[in-house]
Amino acid sequence: MAQAARQHHGPLALISTAINSDGKAHPVENSLAAATVILGAIAVISSAFHGLHLLSSWTGLVGILTGAWGQFISATTGERFLLIIGMGAAAVGFFIGMAHGGLFGGVVG
């Protein structure tokens, strides 16, 4: 007796299908992509506030490094797409944070 394949519906299933387009699960690569997008969002949002330059510059720097490593080990185009979006946002937040005071501005020196 053949078992019917379970089909998942909803937005998470759509995202999982888009990211894992080869049909295999990539938990490390997907985690790096999600972390890069979250770090990029935090960096770019916090860069709008002059007093949060430490947060925006550090999260931007970590987001750039996380995204670069994710690009190095990524397996699908969907992962690479999210990594590029996240790295772009992290870079914008990093550079604006650097312009507002930098990684150690006001704390050291």
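All values below come from the heavy atoms of this structure, side chains included, with hydrogens, waters and symmetry mates left out.
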### Message
Quick check for you: to the nearest 0.5 Å, what is the distance between L39 atom CG and S56 atom OG?
### Response
12.5 Å
### Message
Taking side chain to side chain contact (heavy atoms under 4.5 Å, CB included) as the definition, give me every residue that meets it alongside E29, ordered by chain and number, with sequence neighbours left out.
### Response
H26, I73, E79
Under 3.5 Å, sequence neighbours excluded: what are the donor-acceptor pairs made by side chains of residues 88-103?
none

### Query
What distance do F81 atom CZ and T76 atom OG1 have between them, rounded to the nearest 0.5 Å?
12.0 Å
## Note on the structure
Tightest non-hydrogen contact, residues L82 and A33, listed as CB-CB, 4.2 Å
### Query
Do T36 side-chain atoms and M87 backbone N/O form a donor-acceptor pair below 3.5 Å?
no
### Task
Indicate if W69 and V28 have the same hydrophobic cluster label, given that clusters are the connected sets of ILVMFWY residues with side-chain heavy-atom separations under 4.5 angstrom.
yes
### Query
If you measure from OG on S46 to NE2 on H53, what distance do you get to the nearest 0.5 Å?
11.0 Å
### Message
Checking T59 now: which residues fulfil side chain to side chain donor-acceptor pair (under 3.5 Å) with it, not counting sequence neighbours?
### Response
none
### Query
Taking a hydrophobic cluster as the set of Ile, Leu, Val, Met, Phe, Trp and Tyr residues connected by side-chain heavy atoms closer than 4.5 Å, whether directly or through intermediates, do I64 and W58 fall within one such cluster?
yes
#### Entry: Nearest-0.5 Å distance that lies between atom CG in L52 and atom OG in S57
10.0 Å
### Message
Using the rule that Ile, Leu, Val, Met, Phe, Trp and Tyr join whenever any side-chain heavy atoms are under 4.5 Å apart, tell me whether L55 and I38 fall into a single cluster.
### Response
yes
### Query
When hydrophobic residues are tied together by side-chain contacts of less than 4.5 Å, even through go-betweens, does L65 share a cluster with F72?
no
### Query
For the atom pair CG (N30) and CG (L83), what is the distance rounded to the nearest 0.5 Å?
9.5 Å
